[in-house]
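Not measured: the values here are computed from a predicted model.
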Amino acid sequence: VFGKDITLILILNNLSFDRKTVKVDMSASTVLYTRRTVAEILKANTSVELGSKQGKHIRLKIPYSYYGKYLTTDKRIQVTALCEVLHMRGVKLLVEKTIILEDTNIIIKIPRRVVVNKAVTLEISYANPLPEPVSRCMLLVTLMNQQVKIHLAQLAPRERSKIYFEFTPRRTGPLQLQVDFSCDKFSHVKGFVTITVAPA
């Protein structure tokens, strides 16, 4: 989840009866959805001794403080591990994983029944998932082809807050409500919901 430390485990298995030494070079970078690298955030290397038919786990931790300021709105981190079996010429294995961090920030609560031409109040809850305060907070609410910009107070670390948003639907059927939350440390955290408007 965005704002938390990331822990990954690389599992190495020796399928042969011979003892092996494996050199592992690991790296992590923030990337765009096109896989283009934005910034390298971590480099680590280690050597592992694997006995006959033995398996071992290598743990890699990426703290939020390493990736936070380099993450784009794509919220992607590419992790690679190049594993080389020593004393065996040319035996290498490249393992790659792309992590897409989830947002759990926006929660939209709507009444059980929404009726045309009758005012309705929604509860929009938003959060700061980071271990540091955020300021210049703003919600952009898009509904019925209109946008409303709402400036919010700053949020303390891990704080959740909410606002109430009132509108009057002018037609029956499905309505899409989209909420976009931004602040000084991250932007474009989105939430959306489809509201079914009933006849009067």
Kindly compute the distance separating [atom1] ([X]) from [atom2] ([Y]), expressed to the nearest 0.5 Å.
{"X": "E166", "Y": "L122", "atom1": "CD", "atom2": "CG", "result": "9.5 Å"}
{"X": "R136", "Y": "Q154", "atom1": "CZ", "atom2": "CD", "result": "11.0 Å"}
{"X": "K109", "Y": "I124", "atom1": "NZ", "atom2": "CD1", "result": "12.5 Å"}
{"X": "L152", "Y": "L139", "atom1": "CG", "atom2": "CG", "result": "4.5 Å"}
{"X": "N13", "Y": "K53", "atom1": "CG", "atom2": "NZ", "result": "10.0 Å"}
{"X": "L143", "Y": "F165", "atom1": "CG", "atom2": "CZ", "result": "6.0 Å"}

More than 12 foreign heavy atoms under 6.0 Å from [atom1] of [X]: is that the case here?
{"X": "K162", "atom1": "NZ", "result": "no"}
{"X": "K69", "atom1": "NZ", "result": "no"}
{"X": "Q146", "atom1": "CD", "result": "no"}
{"X": "R158", "atom1": "CZ", "result": "yes"}
{"X": "F167", "atom1": "CZ", "result": "yes"}

Would you please say whether a donor-acceptor pair under 3.5 Å links the side chains of E40 and S29?
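No donor-acceptor contact under 3.5 Å links the two side chains.
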Residues which pass side-chain contact (heavy atoms from CB on, under 4.5 Å) with T172, listed by chain and number, not counting sequence neighbours
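With neighbours one apart ignored, the set is V116, P199.
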Among I100, I41, L42, find the residue that satisfies the side-chain contact (heavy atoms from CB on, under 4.5 Å) test when tested with I77.
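Answer to the side-chain contact (heavy atoms from CB on, under 4.5 Å) test with I77 among I100, I41, L42: I41.
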Using a 3.5 Å distance criterion without hydrogens, assess whether the side chain of [X] forms a donor-acceptor pair with backbone atoms of [Y].
{"X": "T98", "Y": "Q78", "answer": "no"}
{"X": "K149", "Y": "L140", "answer": "no"}
{"X": "N14", "Y": "G51", "answer": "yes"}
{"X": "D25", "Y": "L82", "answer": "no"}
{"X": "D184", "Y": "S135", "answer": "yes"}
{"X": "D5", "Y": "Y64", "answer": "yes"}

Is there a side-chain contact between [X] and [Y] (heavy atoms, below 4.5 Å)?
{"X": "I6", "Y": "L101", "result": "yes"}
{"X": "N128", "Y": "F186", "result": "yes"}
{"X": "Y126", "Y": "C137", "result": "no"}
{"X": "C83", "Y": "L94", "result": "no"}

Taking side-chain hydrogen bond (donor to acceptor under 3.5 Å, both in side chains) as the test, write out the residues that go with T80, two or more places apart.
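In terms of side-chain hydrogen bond (donor to acceptor under 3.5 Å, both in side chains), with neighbours along the sequence ignored, T80 is linked to S27.
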With sequence neighbours excluded, what pairs up with S125 under the side-chain hydrogen bond (donor to acceptor under 3.5 Å, both in side chains) test?
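Counting only residues at least two positions away or on another chain, S125 forms a side-chain hydrogen bond (donor to acceptor under 3.5 Å, both in side chains) with R160.
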